[in-house]
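Only one structure is covered here, and it is reproduced in the block below.
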Amino acid sequence: IPIGDFILNPAYGRADPNKSNPPYVCGLTGKGYSVTEVASRVELAARAIKKILKVDDINKGGQGAGFSEWEKVVGVYSINCVDYLPLCYAVHRVNGITSPANAAYNADELAYQLRDSKARVLFTCAPLLEAALQAANADGVKIPKENVFLLPIPDALYTAEMRRKAEGFRTFDDLVEEGKKLKEVEPLSWGKGFSREKVAFVSYSSGTSGLPKGVLISHFNMITNVVQVIEYSKSFRDFSTPTRVLALLPQSHIYALVVINQTEPYAGNSAVILPKFELESFLTCIQKFKLSFLFLVPPLMIVMAKNKAILDKFDLSSVKYIMTGAAPLTEELSLEMTKLYPWMKVVQGYGMTESSTVVCFTSGIDIWHGSSGCILPGIKCRVVNAQGKDVGENEPGELLVSADNVVIGYLNNQKANDETFIVEHGRRWLRTGDETIIKKSSAGNQHLFVVDRLKELIKISGFQVAPAELEGHLLNHPKVADCAVIPVPNEKTGELPKAFVVLNPGFAATHETASEIIKWVADHKSKHKRLGGGVEFIDAIPKSPSGKILRRLLRDKERERRKK
Ligand code: 4UW
């Protein structure tokens, strides 16, 4: 069944239409629709979306992994809002696929994703409308203006200018209204329009190397992960009474998309949605809605640790757990948070887009600070050394994952698929590109520790940045002959990109040139991709005989230098 049915239909989950707690609540206005209302909005909007996508028969040609149906991809480029998931469910209802894009992207970055996923329709929100229209109009993107729609957001987020520019654009609410006058959508039929391989989301991740790639996540992959998380959580969480959890992290990112905005509503809880982080509104929201579970990333934990005096002014006694993931949480910070806020349990999760999110997380009954927790039920893991040989407990190696939540693969990228999804010992394994160690806790459970990243990825406040993307952009600068980008540690964001640059002949390696190169990135890329780690000029980029950049050498050199 489609993931939306699984989450919202009480026959499968615990979302209870008789209880008043809505699955999605706006953390600014307190507004939210009940389960029954959300299900009805999905159904009505689906009728209108069927027309927009020009789907004559939703069960035609729907078999297989969806590779043949790219005309049905809908881009979603919006800040967090209560209709984000209902929109995705409405698209899925007519056999469409949604491609969530980071709201921090600029028009060029969005255009890359829309072009690559062959999106034909785009949903955005008023503050992002200008960039959305630019992207829809970009070379190779085929989204006419009438196929750009708005997701409703709270009034307080509109400026007068935004309101003026948004005039004439239809909203998700308009589609729900229109749906009332349209014919019901026929049911999706198993084996015809719908199958185990049916893709629900095309999310973007750079994986172990190269540029961001479309990750094909099926309904089945995602439902699997929701069930794994809930079954594991039952050992330490009580799901009999609905509770409210913080949904601040971007809904476009896999962590928020699956864990916060689907798993929690599936369990009957409310995801209380905030569109952006701002300390006072974050704390007001926790206090006002008596949130019990905060889903965060390590940089937000640092803000909480550094602002105890401000936090003490709010009643945060409702918080039972703080969950963090998407980037390493140090043992020191985990312990410090536990000392500062002893009634909150600090737990950590680990996973990736390619595993439909969660591989493991800490249970509330066996907390080991610095560990990413225990492997979820239904997931098999191996740790292998550089020669691909399995290693035992307490030994580092790359983590391989095999399970039904491991995604179908990358869109149109055989090379990346062959490198990332390998078949060994009769099973299909995902190469995570993460260096991990499995250790046994005193309670006898196997815990996973992420010790390093073997892949090229840079993580900034949990967001992915692909070195190859920044290198490609830097090479377009007239003064740059060659370059390599690596992560350097940063207290606030975890990591920042740093560029090593070889200049073209005749250009001086000066402070001005470095500033010019930094500006070149700042002017053309979203904020989190800026070269906060600086620029260093070198004579040659270290490369393997086949021409592959040896980023690892640069990273090791940088680490040695920072140790001194
Ligand atoms: N420690 C160290 C970690 C950790 C980590 C992820 O953007 P993606 O593709 O996906 C994510 C997913 C985050 C996530 C998964 C499950 C979960 O329970 C949770 O928190 C509750 C969050 O970020 O990036 C995937 C890459 O991010 C790094 C690692 O390199 C991984 O391959 N990463 N979690 N706890 N590193």
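Hydrogens, waters and symmetry mates play no part in the numbers below; they use all other heavy atoms, side chains included. Start at 1 and go down the list; that is how both ligands and their atoms are numbered.
- Heavy-atom proximity to S372, at under 4.0 Å, picks out these atoms of ligand 1: 35 (N).
- For ligand 1, the atoms closer than 4.0 angstrom to any heavy atom of Q348 are 1 (N), 3 (C), 35 (N).
- Of all the heavy atoms of M352, the ones lying under 4.0 Å from any atom of ligand 1 are found in both the backbone and the side chain.
- Closest to atom 30 (O) of ligand 1 among all protein heavy atoms lies D434 OD1, 2.6 Å.
- Atom 27 (O) of ligand 1 has as its closest protein heavy atom K459 NZ, 3.1 Å.
- A pairwise comparison of heavy atoms in Y255 and L296 identifies OH-O, 2.9 Å as the closest pair.
- At a threshold of 4.5 Å between non-hydrogen side-chain atoms, the residues F282 and C285 do not count as touching.
- Taking the centre of each ring, F123 and Y84 stay at or above the 6.0 Å mark.
- Of the protein's heavy atoms, A326 O, 3.7 Å lies nearest to atom 28 (C) of ligand 1.
- When the options I302, V346, T338 are evaluated for a side chain to side chain contact (heavy atoms under 4.5 Å, CB included) with L333, the one that passes is I302.
- A donor-acceptor contact under 3.5 angstrom links the side chains of N225 and Q228, judged on distance only.
- The protein atom (non-hydrogen) at minimum distance from atom 35 (N) of ligand 1 is G349 O, 2.7 Å.
- Residue-level proximity to ligand 1 for Y350 is carried by backbone and side chain together, each with a heavy atom below 4.0 angstrom.
- Of the listed options C360, P328, S371, P328 places a heavy atom closest to atom 36 (N) of ligand 1.
- The aromatic ring centroids of Y321 and F236 lie less than 6.0 Å from each other.
- In terms of protein heavy atoms, atom 7 (O) of ligand 1 is closest to H253 NE2, 2.7 Å.
- Counting only N and O atoms by type, the side chains of Q262 and Y89 include a donor and acceptor under 3.5 Å apart.
- The protein heavy atom nearest to atom 12 (C) of ligand 1 is G351 O, 3.4 Å.
- In this structure, V358 has a heavy atom closer than 4.0 Å to ligand 1.
- Donor-acceptor pairing under 3.5 Å is recorded for the side chains of S99 and Q113.
- When only interatomic distances are considered, the shortest N/O to N/O separation between R453 and ligand 1 falls below 3.5 Å.
- The aromatic rings of F463 and H528 sit tilted, their planes meeting at an angle between 30° and 60°.
- Between R561 and E558 a salt bridge is recorded (basic side-chain N to carboxylate O distance below 4.0 Å).
- Between T353 and ligand 1, at least one N/O pair is under 3.5 Å apart.
- Only side-chain heavy atoms of I254 come within less than 4.0 Å of ligand 1; its backbone N, CA, C and O stay farther off.
- Every atom of ligand 1 with a heavy atom of M323 under 4.0 Å away is listed here by number and element: 21 (C).
- On a distance-only criterion, K455 and ligand 1 share at least one N/O pair closer than 3.5 Å.
- Taking the six-membered ring for Trp, Y77 and Y105 have ring centres at least 6.0 Å apart.
- Close approach to Q464 involves these atoms of ligand 1, each under 4.0 Å from a residue heavy atom: 7 (O), 8 (P), 9 (O), 24 (O).
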